[in-house]
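Read the structure below first, then the notes.
Positions are given from 1 along the sequence. Both counts, for ligands and for their atoms, begin at 1 and track the order of listing.
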Amino acid sequence: MNNTKSKSLFAEAKKYIPGGVNSPVRAFRSVGGDPIFIESGKGARITDADGNEYIDFIGSWGPHLFGHNPPFIKHAVKKAMKHGTSFGAPTELEVKTAKLITELVPSIEMVRMVNSGTEATMSAVRAARGFTGKDKFIKFEGCYHGHADYFLIKAGSGALTLGIPTSPGVTAANAADTLLADYNNLDSVKKLVHANKDNVAAIIIEPVVGNMGVIIPDQEFLTGLRELCYEEKIIFIFDEVMTGFRVAAGGAQELFKIKPDLTTFGKIIGGGLPVGAFGGKREIMETIAPSGPVYQAGTLSGNPLAMAAGYAALNYIKENPGLYKNLERTSARLEKGIRKNLKKLGRKYVINRVGSMMSLFFTEAEVTDYKSALKSDTQLFGKYFHEMLKRGVYLPPAQYEALFISAAHTKKDIDYTIEANFEALEAVIGK
Ligand code: HOZ
């Protein structure tokens, strides 16, 4: 595989951009080697700067539920662009998009659009603090909620991958109000709540974790958290930046039948353009300025191009209810194929999957939380990643990220990937 142009672009990028990338995991640090630079994407495939084609299982880290560059989103953005790119004033499209979100996700009574998942989560926690008048919040070890200071404590995603789960630059004062619990362990949460009686504003959780690889929640754990939040007057926040509109039209909350107080979105909600959102109960959302005193703002919030792409994506979801069944079929086929391969090779590596989000962990012990995720052999994952890349399959370049399957992946793509997976596993672990 010729990577000459990617290599020279990376060398040039490192002169002007920290680490040569605008988001750390892209740099391939944890799998070794140099990143490939992408030139275009269509459907399930991407083409790099040297003309190599790959079946893509990143999908821009989640937004591309329908594959790359679907014509209906392209058309919507082109149409919006004719009228202008930004006004910093309200537009009809924002109202339509907000209404559509409330239709698709019943717990959302009101919603505020922002520009990224990070903005959404930090604004949701601010709203919870403003509404309750309490300071502390609970997050789970290994969950990632964007890069606001007080979230970067035992955080997942790139922070975990690069071995900096707690980032320098986060002051002790900033970290002091973040309480850490263990995922899938209700007792660990109860202990914190009782030790901080009447001072926990919110519990924020990835209802299906995507940021330490995929981790599946126990139903009783989520139900227990919901009850605890009611009892203790704590705002329950579902971070559905990854799972929103992906695992079901109504997100993980539809799948697990939980009604959070607030929800954060990103990725799919922007149809591939930079968008985030947070929303939920009217009485909490009414505390946001200018309705209430909790300040939150943004020049490009509700940007017309992003709204056009997001509205097109959400509308497609509404009009095509069969979409998730098909995604499940495709994703289950991939899971089954990889399980078969592992069996043939005599390995019991863990596969965690919820809908079109999946992870293969290089450990034979169950992966249910941060500590068990850390048992995965990340060196082996790195080798496997490169064997797959060689075979034209582009996986997330980190063990602690989710693989995303799109509606554009065909049976042929999946069967090819299963074959590549067998060869790649065989190459790294032997027969
Ligand atoms: N932290 C993102 C995924 N969990 C990666 C974002 C990116 O590199 O684009």
Which residue holds the protein heavy atom closest to atom 9 (O) of ligand 1, what is that atom called, and what is the gap in Å?
R26 NH2, 2.7 Å
Mark up the atoms of ligand 1 that fall under 4.0 Å of a heavy atom belonging to M242, in ascending order.
4 (N)
With under 30° as parallel and over 60° as perpendicular, where do the rings of Y394 and F28 fit, or are they tilted in between?
tilted
Min heavy-atom dist V25 to ligand 1 below 4.0 Å:
no
Closer than 4.0 angstrom, basic N to acidic O: yes or no for E141 and K371?
yes
Out of all atoms in ligand 1, which are within 4.0 Å of some heavy atom of E401? Include the element for each.
3 (C), 4 (N)
State whether the shortest distance between N or O atoms of S23 and N or O atoms of ligand 1 falls below 3.5 angstrom.
yes
Taking the six-membered ring for Trp and the full ring for Phe, Tyr or His, determine whether the centres of F137 and Y150 are under 6.0 Å apart.
yes
Quick one: side chain to side chain contact (heavy atoms under 4.5 Å, CB included) partners of L179, sequence neighbours excluded?
K136, I138, L192, N196, V200
Determine whether the side chain, the backbone, both or neither of V21 has a heavy atom under 4.0 Å from any heavy atom of ligand 1.
neither
Nitrogen or oxygen of W61 less than 3.5 angstrom from that of ligand 1:
yes
Could you identify the single nearest non-hydrogen protein atom to atom 1 (N) of ligand 1 and state the distance to 0.1 Å?
S157 OG, 2.8 Å
Take atom CZ in F72; do more than 12 heavy atoms of anything else shown fall under 6.0 Å from it?
yes
Check ion pair R45-D413 (N to O, under 4.0 angstrom)
yes
